[in-house]
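Both ligands and their constituent atoms are indexed starting at 1 by order of listing. On a predicted model such as this, the values are computed, not experimentally measured, just so you know.
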Amino acid sequence: MLYISTRGHPDRKHFCEILLEGLAPDGGLYLPERYPQVDAATLAKWRTLPYADLAFEILSLYIDDIPAADLHAICRKTYTREVFGTQEIVPLKPLEEGVFLEALSNGPTLAFKDMAMQLLGNLFEYELARRGEELNILGATSGDTGSAAEYAMRGKQGVRVFMTSPHGRMSPFQQAQMFSLQDANIHNIAIEGVFDDCQDIVKAVSNDLAFKRKYRIGTVNSINWARLLAQVVYYFAGYFQATGRPHPSPPPEGEGAKQKVSFTVPSGNFGNVCAGHVARMMGLPIAKLVVATNENDVLDEFFRTGIYRVRASQDTHETSSPSMDISKASNFERFVFDLLGRDGAKLRYLFAEELVAKGRFDLSHAVLVARDRYGFASGRSTHADRLATIRDTYRRFGTMIDTHTADGLKVAREQLQPGIPMVVLETALPIKFAATIVEALGREPERPAKFAGIEDLPKRVTVLPADAERVKQFIAAHCA
Ligand SMILES: *Cc1c(COP(=O)(O)O)cnc(C)c1O
C-alpha cells in the first residue's frame, strides 16, 4: 500500500516513511491510494478475534514494510489487559435500548487517544531502532493528546517529546498528568495563547524544512496517519459487539446479513470520526457517522450548510469540553479529498488558497452527498446540554460520563433510527474534567488509585510566548 498527499504531490510513500513525518511536502495530509475492501466473509472471520489480532489484521492491509510477525508482536504488546483494563479492550456499555457507550478511555491517561498513541509509541521505537535513528516529536495539545503522547513515549529509546499546550487552559488534572512526568526525554512547553496558536507553531516549525531535517522533527498530532489507522480498529470492534447482541427491534427485511450500526463521535479535529469514515469506506456496514460538536461548531455548520468557515482565535470558545475547542478541524481535509473525488488540485485550491484568503469555502453543492453517500450527520451541544446529559445518565443508569462523551450522547439521541444500534464513543473519563462533573452532580468523580494526589507533585514545564522561533530555540537547546 502506498500513500499520497491530499494536495496532489506526485510522491508515493510507504507506511514507515510517513510514520515519522507529519504533513506531506505540499502541506497536504497523507491518505492511502485506495481503501482495502473487507467483504462479509472476512467480517465474519474477524468477529471473534481478540482485539490485538483484529488490529493486526486491519493494520496489515495498510502496512507492507513491516514483516507480519513483527507487526503482530507490536499489536499484541500494545493492546493488553494490563494497559487497557479489560480483556475486550473497548467494551460496550448498554444505556437505553439501542444505545451503547464504547469504552475507549481506560488506557494510561484515561482518554481515547491512548488507543492510538500506545501503538504509535511501539511503532516509533521499532522503526527508529531498525534505522538506528532518533526522533524529536513536536506536538500541540489542548490536554489529551499531550498526555497520551508523553505516556506512550516516556523512557523510549531514541525519542524526545516537545509538547506545546495553551498556558493555563488545561484542567488541573490534565496539567498534573503531563507536568508531573520527570522523564528526561519529555519536555512540556506552555504557550501563552490558545490551542490553535500551539497548532500553528507546530505547523510553522514543520514547514521549516531545514530545521525539521536538522533536528529530526516528527509529529504525533491527529494528522498522523498511523494514529488514524489505529483508531479504525475500534469501529470494527464496536460494530462486532453491537451486532452480537439481540437487536432492539427487528432489522428491516433482507438486512439481517448486514446489520448496520451508527456511531456518534465527539469531534474536534475530525481525527476520530475520520477513522470511522475510513472503516466505512472499507465496507464496514455503518449507517450514520454522527459528528457531535460543542459550542465550537465549525463541523456542525459544515454538515448542515456545506460552508466550512474557520474561526478566529478570539471567536473560539473556551468550553467545558475543552478537547473539542477548535477553530478549524485539521483532519477535515482528508474527508473533503474523498468527497470531491480525490482531486488534489481542487484540494490545493480550497485549502491553500481559498481558505487562506477568505477563511471559508462553500461546498453546499456537495453537502447532500456528504450526508447521503458518506453517511454523515451532525449536531451541537452546549454547556447546559452537557450538564443535563451527565445528570440524566447518572440518575437513570448510574453511569458517570465525561463532558465530551456527554456532547456525543446528547447529539446521538437526536439521530436514532429504529432497528439500528447507536454506539457513542466514550472519549475520556470524568475524572479528567472534575469541575464540570461537580457542577452537574454535586460530587467528585471517582479517581483511579494510581492518580491519587498527582496535583501536588512537582511540575516540569517551561512557559514561552506564542512564537515559533522561541520554540525552535528551546528545541535546539535541548537536543545537544
Ligand atoms: C481529542 C479529543 C476529542 C476530539 O477528537 P478529534 O479526533 O480531535 O475529533 C474529543 N474528546 C476528547 C476527550 C478528546 O481527548
Qualifying side-chain hydrogen bond (donor to acceptor under 3.5 Å, both in side chains) pairs, either residue in residues 102-112, two or more places apart: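 For residues 102-112, and leaving out neighbouring residues, the side-chain hydrogen bond (donor to acceptor under 3.5 Å, both in side chains) pairs sorted by first residue read Thr109-Asp114.
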Qualifying residue for side chain to side chain contact (heavy atoms under 4.5 Å, CB included) with Leu19, from Leu123, Ile66, Ile63, Leu229: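 Of Leu123, Ile66, Ile63, Leu229, side chain to side chain contact (heavy atoms under 4.5 Å, CB included) with Leu19 is met by Leu123 alone.
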Glu295 with Arg386: basic N within carboxylate O range, under 4.0 Å: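 Between Arg386 and Glu295 there is a salt bridge, with a charged N closer than 4.0 Å to a carboxylate O.
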Need the list: ligand 1 N/O atoms against protein N/O atoms, distance under 3.5 Å, rounded to one decimal.
unit_1   : atom_1 : unit_2 : atom_2 : d
ligand 1 : 7 (O)  : Gly271 : N      : 3.2
ligand 1 : 7 (O)  : Asn272 : N      : 2.8
ligand 1 : 8 (O)  : Asn269 : N      : 2.8
ligand 1 : 9 (O)  : Gly268 : N      : 2.8
ligand 1 : 9 (O)  : Asn269 : N      : 3.3
ligand 1 : 9 (O)  : Phe270 : N      : 3.1
ligand 1 : 11 (N) : Thr427 : OG1    : 2.9
ligand 1 : 15 (O) : Lys113 : NZ     : 2.5
ligand 1 : 15 (O) : Asp144 : OD2    : 2.4

Stepwise ring-ring contact (aromatic ring centres under 6.0 Å, His included) check, Phe351 with Phe361: CA-CA 9 Å; Phe351 283 88; Phe361 57 69; 5.2 Å; yes
Residue pairs fulfilling salt bridge (Lys or Arg N to Asp or Glu O under 4.0 Å) with at least one residue in residues 372-381, sequence neighbours excluded: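 Salt bridge (Lys or Arg N to Asp or Glu O under 4.0 Å) check on residues 372-381 returns Asp297-Arg380.
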Taking distance alone, no hydrogens or angles, what donor-acceptor pairs closer than 3.5 Å link side-chain atoms of residues 160-169 to residues at least two apart or in another chain?
unit_1 : atom_1 : unit_2 : atom_2 : d
Arg160 : NH1    : Asn136 : OD1    : 2.9
Thr164 : OG1    : Gly139 : O      : 2.8
Arg169 : NH1    : Glu318 : OE1    : 3.1

